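See below for the structure under consideration.
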Amino acid sequence: MRQRRVGVASPADRRRRPSVAETRRYRRLLATALCCLALSAAGCTAPGSPDPERIASDPWADRPVVELRFEVADDLTSVSAWQRIVFTPDLATCDVVLRAWPNKPLTAEEGSSLVVSEVRVDGRPADVDDVAAGAPESAPAGTLIEVPLEQCAEPGQEISVETDFDLELGEDVDERIGTSSAAEVAWFATAFPLLAWERDRGWARGPAVPVSGEMAVSEDFELASLEVVAPSRYDVLGTGSAMGAEKARDGTTLHRFTAPAVRDVAVSVGNLDVVERVVDGVRVHVGVDAAVAAADPATWLASIAESTRDLVELLGPFPYDDLWVTVLSAQTSGIEFPGAIQFGDVDPERRRGLISHELAHMWFYGLVGNDQGEHPWLDESFATFAQIVADGEDEPYVHTPDSDLPPVGGSMSSWTDFRRPSSTYYDTVYTLGGAALVEARDRAGHQAFDAALSRYVRENAHSIATPADVRTAFEDLPDVLAVLREVGALT
């Protein structure tokens with residue numbers, strides 16, 4: 001365990017930021033005004049609105065409020081950053097826990113990192129315990145940042161946590177954080193100290209492991225402000241709704257974004273060919289870096305539109321007003337974030353399935369959250385299922401009790417004992433888990449299964465779901481529960 005004392009000084013030129021109450025009041029007034037301008041004044045209800053039974057519940061009223069500022073270096077290899085979180089715990093706590101996921105093994109070993117330099121709690125300097133929690137020896141810091149409170153906080157007591165931190169971006173990294181000097185592009189996501197609180201459960205301290213997959217867990221938070229300062233010659237893709245840009249005399253431009261409820265943030269900066277289009281009410285932004293060869297932005301956008309419509313028919317309204325997509329020549333697959341996706345420069349034969357899979361994550365992990373380290377099947381198996389159904393694929397369900405594959409419901413740590421951890425994880429959680437859900441749908445009947453799935457999405461929206469929530473949603477369909485038990489997803 002590493003321990004250090006961090007200072008208190010805040011940058012002298014940092015302007016006063018609006019309070020949480022001011023921000024929320026402004027957002028409510030703005031949303032109401034836009035609604036009434038765009039729609040009929042009679043209740044602000046659009047003709048042909050989706051069935052209320054298909055609409056998700058509202059976000060948690062006391063969700064954390066996050067402000068982020070990223071200042072990207074001119075050479076796109078590093079980022080200086082600041083964050084403020086206003087957090088109201090629903091349980092008593094004597095510390096605050098943040099996660100630095102860029103320091104996990106497969107990311108840190110490629111040269112990317114996140115290092116916190118200062119922490120302030122309620123405006124005062126704080127001690128920090130920097131815990132490795134699975135970070136490799138080569139990482140400059142751990143994945144777990146523990147901040148002891150001077151006095152324990154009671155439920156409902158507001159806590160303000162500010163952090164100053166720096167990012168290093170590895171060259172041509174096939175991961176969520178990296179930079180490419182050849183393509184003149186940088187990308188970084190889950191690249192800030194992520195609040196690790198789970199309602200009714202407390203802090204998530206699970207270790208990072210050397211498996212190719214996500215391990216984060218986060219409640220929805222209100223992204224009150226995302227500011228990205230980048231060289232003016234570059235395009236910027238963010239998260240949420242774009243709120244304008246301002247050029248400065250030093251050759252940089254400040255880009256602003258905001259979002260009512262997300263679990264993560266993704267940003268791309270660089271020489272991008274960007275196209276934008278409204279697809280069934282969703283503003284889709286696609287940026288392709290200069291070295292991508294397999295397809296142009298318009299081709300990507302057309303495929304995204306097709307997959308989105310098929311998924312909406314299966315899962316209900318798209319969870320976000322904006323979707324930001326970056327296609328990167330350095331990547332080989334896809335990585336999802338709430339309202340944002342990073343894709344690799346994949347060939348046409350893989351493109352449709354990959355697009356549908358990552359888009360399905362807008363519902364499974366984006367809207368309905370889960371602990372990706374403890375229960376990865378809750379997003380990956382469901383996303384694969386939705387991909388198979390939406391794309392009309394024929395995915396055989398093959399499983400026997402003596403199968404060499406481990407249980408679908410295993411945690412990320414359970415795959416480290418296998419000779420090829422990442423491949424075994426994929427074969428089990430993605431392939432077998434997705435096919436098992438398709439088989440369960442066939443056995444129970446499509447209409448009954450889809451109705452139960454809709455209820456699961458609606459009742460667990462804006463929360464962190466568990467296997468018990470799946471069991472509850474499908475309790476009237478014993479065939480579904482039987483299949484999930486066969487593959488070890490449910491006990």
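Just so we're clear, the structure is a prediction, and the values are computed from it rather than from any experiment.
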I need the full list of ring-ring contact (aromatic ring centres under 6.0 Å, His included) pairs touching [range], with sequence neighbours left out, sorted by first then second residue.
| range | value |
| --- | --- |
| residues 86-140 | F87-W197, F87-W203 |
| residues 130-149 | none |
| residues 104-155 | none |

Output yes when [X] and [Y] qualify as a salt bridge under the 4.0 Å nitrogen-oxygen rule, no when they do not.
| X | Y | answer |
| --- | --- | --- |
| E67 | R69 | no |
| R283 | E276 | no |
| R277 | D322 | no |

Between the side chain of R263 and the main-chain N/O of Y365, is any donor-acceptor distance below 3.5 Å? yes
Backbone of L149 reached by a side-chain donor or acceptor of D95 within 3.5 Å: no
For D235, give me all partners under side-chain contact (heavy atoms from CB on, under 4.5 Å), at least two apart in sequence or on another chain. L272, V274
Quick one: list whatever passes side-chain contact (heavy atoms from CB on, under 4.5 Å) with V173, sequence neighbours left out. E110, S112, E175
Considering non-hydrogen atoms only, spot the tightest contact between [X] and [Y] and give its length.
| X | Y | value |
| --- | --- | --- |
| F165 | A191 | CE1-O, 3.4 Å |
| M215 | P207 | SD-O, 4.5 Å |
| A208 | K104 | CB-CB, 3.8 Å |

[X] vs [Y] aromatic rings, parallel, tilted or perpendicular, using cut-offs 30° and 60°?
| X | Y | result |
| --- | --- | --- |
| Y430 | H357 | parallel |
| Y320 | F318 | perpendicular |
| Y456 | F474 | tilted |

Answer yes or no: is there a side-chain heavy-atom contact under 4.5 Å between [X] and [Y]?
| X | Y | answer |
| --- | --- | --- |
| W324 | I341 | no |
| L315 | L367 | no |
| L378 | F364 | no |
| V279 | R309 | yes |
| L323 | H285 | no |
| N370 | T466 | no |

Is the NZ or CZ atom of R199 both under 6.0 Å from the centre of the six-membered ring of W60 and within 45° of that ring's axis? yes
Disulfide bond (SG atoms under 2.5 Å apart) partners of residues 81-154, not counting sequence neighbours, each pair once: C94-C152
Calculate, to the nearest 0.5 Å, the distance between atoms OG1 and CG belonging to T77 and L169 respectively. 7.0 Å
Examine the side chains of T326 and S268 and answer whether a donor and an acceptor come within less than 3.5 Å of each other. yes
